[in-house]
Amino acid sequence: MSTVPDASWLAERLIPWYREHARDLPWRRDPTPYRVLLSEVMLQQTRVDTVLPYFERFLARWPTLEDLAAAPDEDVLAAWAGLGYYSRARRLLATARAASALGGLPDTVEELRALPGIGPYTAGAIASIAFGRAAPLVDGNVERVICRVDRRTEDPRKEGRAGVWARVAALHEASEPADPSALNQGLMELGATLCTPRSPSCDRCPWTECCLAGAEAESLPRKERKPPPREVRLVSVVVRGPRGVLLVRRPTEGLFGGLWEPPCGVVSDGDVDAWGVGRTERAGQLVHVLTHRRLVVDVVRAERLDDLPDSWCAYEERAWVEDLDAIAVSELARRIIATADGEGTRRGGRRR
DNA sequence: AAGCCGGGGAT
DNA sequence: ATCCCAGGCTT
């Protein structure tokens, strides 16, 4: 039975490595509580390169926690458009408002966890990075790094979860001199830049001499395979008028919650011509893949829109929109509109 | 414990 | 095609 690598050795190797190799990221230059909160929420399930422009845009528009707390929901959701997981935008606002009412973000994991929108990861991130507290933190990168260095074979999302958190906590306890921010960010940086899911760069890793995974690194961590997304067939009706395109607002909860889009419904009984839309013309089809669903959308141009089938989403508001950047519009909705405009179905139509 | 929630880059 | 990313909330 082999023992796991020594915690103090790991910490003492990782922290200097991080200080030398840390990428120069905007939220690292001045890690105030607000900047850390903003970056961490944006980075949930989202890559650094995707977040960068959003982070700068948010910070320019709402420079302080209080500014964000005072912002209308609509403005924040519109600024979030394209980042995905839109409930994050509402949670971020809830966090900002609750923290602002307290006079600022608290500096302990317990108090942070009590705020809406702050889970175990984000609480650890703010406590360690913004306040220098020795709080553990586990994200996808840390899971991978820890499972490999210890050769842990349990699923880190299930039975192995507690062990990974305990191991990171042990690293903090063993780290001397302590630098909780560098330790946590070093774990994540290692996972993001060297200890990658495939083709890890073990030759450059500060832990390579003691890593128990060795040549098996690529097979760790062992996670359960997720089922392929379920296919959903939709039809979307794009109506152009003198004041722009007709958009409707989705319910606050659920998929694309609170966002605007051309009326879009699950195909049930076929012909849209039956539903008070005037002359229609099929513009094309696009496929939009999400984590849990594969959306196949038939895009139809129509002359007007008198009413909607009851089977469609319960839309409450309508608006004629000319500037898609001024309102909360998903990438899917942009692609639908682009398809109706004859721009094909390629991605990447967003530019600000 | 399991399901839900976007979008995109890397391989 | 497949994986998975600086996760949290609801049921």
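Remember, it's a predicted structure, so these values are computed and weren't measured experimentally. Excluded from the calculations below are hydrogen atoms, water molecules and symmetry mates; all remaining heavy atoms, backbone and side chain alike, are included.
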**Prompt:** Looking at B/dC5, does its base get a donor-acceptor pair with the side chain of A/His292 below 3.5 Å?
**Reply:** yes

**Asked** C/dC5 phosphate, OP1 or OP2: any side-chain N/O from A/Tyr85 under 4.0 angstrom?
**Response** no

**Item:** Phosphate OP1/OP2 of B/dG7 contacted by A/His288 side-chain N/O (<4.0 Å)
**Value:** yes

**Fill in**
Sorted by position of nearest nucleotide on DNA chain B, 5' first, the leading residue of A/Leu83 and A/Ser199 is A/Leu83

**Message:** Quick check on contacts: within residues 19-30 of chain A, what sits under 4.0 Å from DNA chain C by heavy-atom distance?
**Reply:** A/Arg23, A/Leu25, A/Trp27, A/Arg28

**Request:** Check DNA chain B against residues 244-259 of chain A and give the residues with a non-hydrogen atom under 4.0 Å, in numerical order.
**Result:** A/Gly254, A/Leu255, A/Phe256

**Asked** Picking from A/Leu295, A/Val289, A/Thr291, what satisfies side-chain contact (heavy atoms from CB on, under 4.5 Å) with A/Arg293?
**Response** A/Leu295

**Message:** Taking side-chain hydrogen bond (donor to acceptor under 3.5 Å, both in side chains) as the definition, give me every residue that meets it alongside A/Glu154, ordered by chain and number, with sequence neighbours left out.
**Reply:** none

**Item:** Whether A/Thr32 side chain and A/Arg35 backbone form a donor-acceptor pair below 3.5 Å
**Value:** yes

**Request:** Measure from NZ or CZ of A/Arg88 to the centre of the six-membered ring of A/Tyr85 and say whether it is under 6.0 Å with the direction within 45° of the ring axis.
**Result:** no

**Prompt:** Other than A/Leu220, what residues sit in its cluster of Ile, Leu, Val, Met, Phe, Trp and Tyr side chains whose heavy atoms are under 4.5 Å apart, directly or through others?
**Reply:** none

**Prompt:** Separation of A/Gln45 atom CD from B/dG6 atom P, in whole Å?
**Reply:** 12 Å

**Complete:** Residues of residues 122-142 of chain A with a heavy atom under 4.0 Å from any atom of DNA chain B, listed by number, are none

**Message:** What contact category does A/Arg144 fall into here, base, sugar-phosphate, or nothing, at under 4.0 angstrom with non-hydrogen atoms?
**Reply:** sugar-phosphate

**Message:** How about CZ on A/Arg294, more than 12 heavy atoms from neighbouring residues, nucleotides or ligands closer than 6.0 Å, or not?
**Reply:** no

**Prompt:** Taking N and O atoms by type only, does the side chain of A/Thr291 place a donor or acceptor under 3.5 Å from a partner on the base of B/dG6?
**Reply:** yes

**Asked** Residues two or more places apart in sequence or in another chain: which of them pass side-chain hydrogen bond (donor to acceptor under 3.5 Å, both in side chains) with A/Ser181?
**Response** A/Gln185

**Message:** Any donor-acceptor pair, under 3.5 Å, between the side chain of A/Thr46 and the base of B/dG8, if you only look at N and O atoms?
**Reply:** no

**Fill in**
Those residues at least two apart in sequence (or on a different chain) that pass side-chain hydrogen bond (donor to acceptor under 3.5 Å, both in side chains) with A/Ser39 are none

**Request:** For the pair A/Glu322 and A/Arg243, evaluate salt bridge (Lys or Arg N to Asp or Glu O under 4.0 Å) and give the outcome as yes or no after the intermediate values.
**Result:** CA-CA 6 Å; A/Glu322 296 194 53; A/Arg243 302 198 322 281; over 6 Å; no

Report all interatomic pairs (protein N or O, nucleotide N or O of nucleotides 1-3 of chain C) with separations under 3.5 Å.
from, atom 1, to, atom 2, distance (Å)
C/dC3, OP1, A/Arg225, NE, 3.0
C/dC3, OP1, A/Arg225, NH2, 3.2

**Prompt:** Would one find more than 12 heavy atoms of other residues, nucleotides or ligands at under 6.0 Å from atom CD of A/Glu316?
**Reply:** no

**Prompt:** With rounding to whole Å, what would you report as the distance between C/dC4 and B/dC5 at their C1' atoms?
**Reply:** 15 Å

**Asked** Between A/Arg230 (CZ) and B/dG6 (P), how many Å, whole number?
**Response** 15 Å

**Request:** Evaluate whether atom CD of A/Glu209 has more than 12 neighbouring non-hydrogen atoms of other residues, nucleotides or ligands under 6.0 angstrom away.
**Result:** yes

**Transitive ILVMFWY cluster of A/Tyr18, excluding itself - 4.5 Å side-chain cut-off** = A/Trp9, A/Leu10, A/Leu14, A/Ile15, A/Trp17, A/Tyr121, A/Leu137, A/Val138, A/Val142, A/Val145, A/Ile146, A/Val149, A/Val164, A/Trp165, A/Val168, A/Leu171, A/Leu183, A/Leu187, A/Met188, A/Leu190, A/Leu194, A/Trp207

**Item:** Close side-chain approach of A/Leu259 to A/Tyr86, heavy-atom, < 4.5 Å
**Value:** yes

Using distance only, find each side-chain donor-acceptor pair of residues 109-116 of chain A under 3.5 Å and give its atom names and separation, not counting sequence neighbours.
from, atom 1, to, atom 2, distance (Å)
A/Glu111, OE1, A/Thr108, OG1, 2.8
A/Arg113, NH1, A/Ile118, O, 2.9

**Message:** Looking at A/Tyr121 and C/dG7, is any side-chain donor or acceptor paired with a base atom of the opposite kind under 3.5 Å?
**Reply:** no

All N/O contacts under 3.5 Å from nucleotides 9-11 of chain C to the protein, with atom names and distances to one decimal?
from, atom 1, to, atom 2, distance (Å)
C/dC9, OP1, A/Gly117, N, 2.7

**Request:** Please identify each residue that fulfils side-chain hydrogen bond (donor to acceptor under 3.5 Å, both in side chains) with A/Glu303, with sequence neighbours left out.
**Result:** A/Arg279

**Request:** Might you confirm whether atom CD of A/Glu253 has over 12 heavy atoms from other residues, nucleotides or ligands at distances under 6.0 Å?
**Result:** no

**Request:** Would you mind classifying the nucleic acid contact of A/Ser330 as base, sugar-phosphate or nothing, using non-hydrogen atoms under 4.0 angstrom?
**Result:** sugar-phosphate

**Message:** Is the ring pair A/Phe256/A/His288 parallel, tilted or perpendicular, if the boundaries are 30 and 60 degrees?
**Reply:** tilted

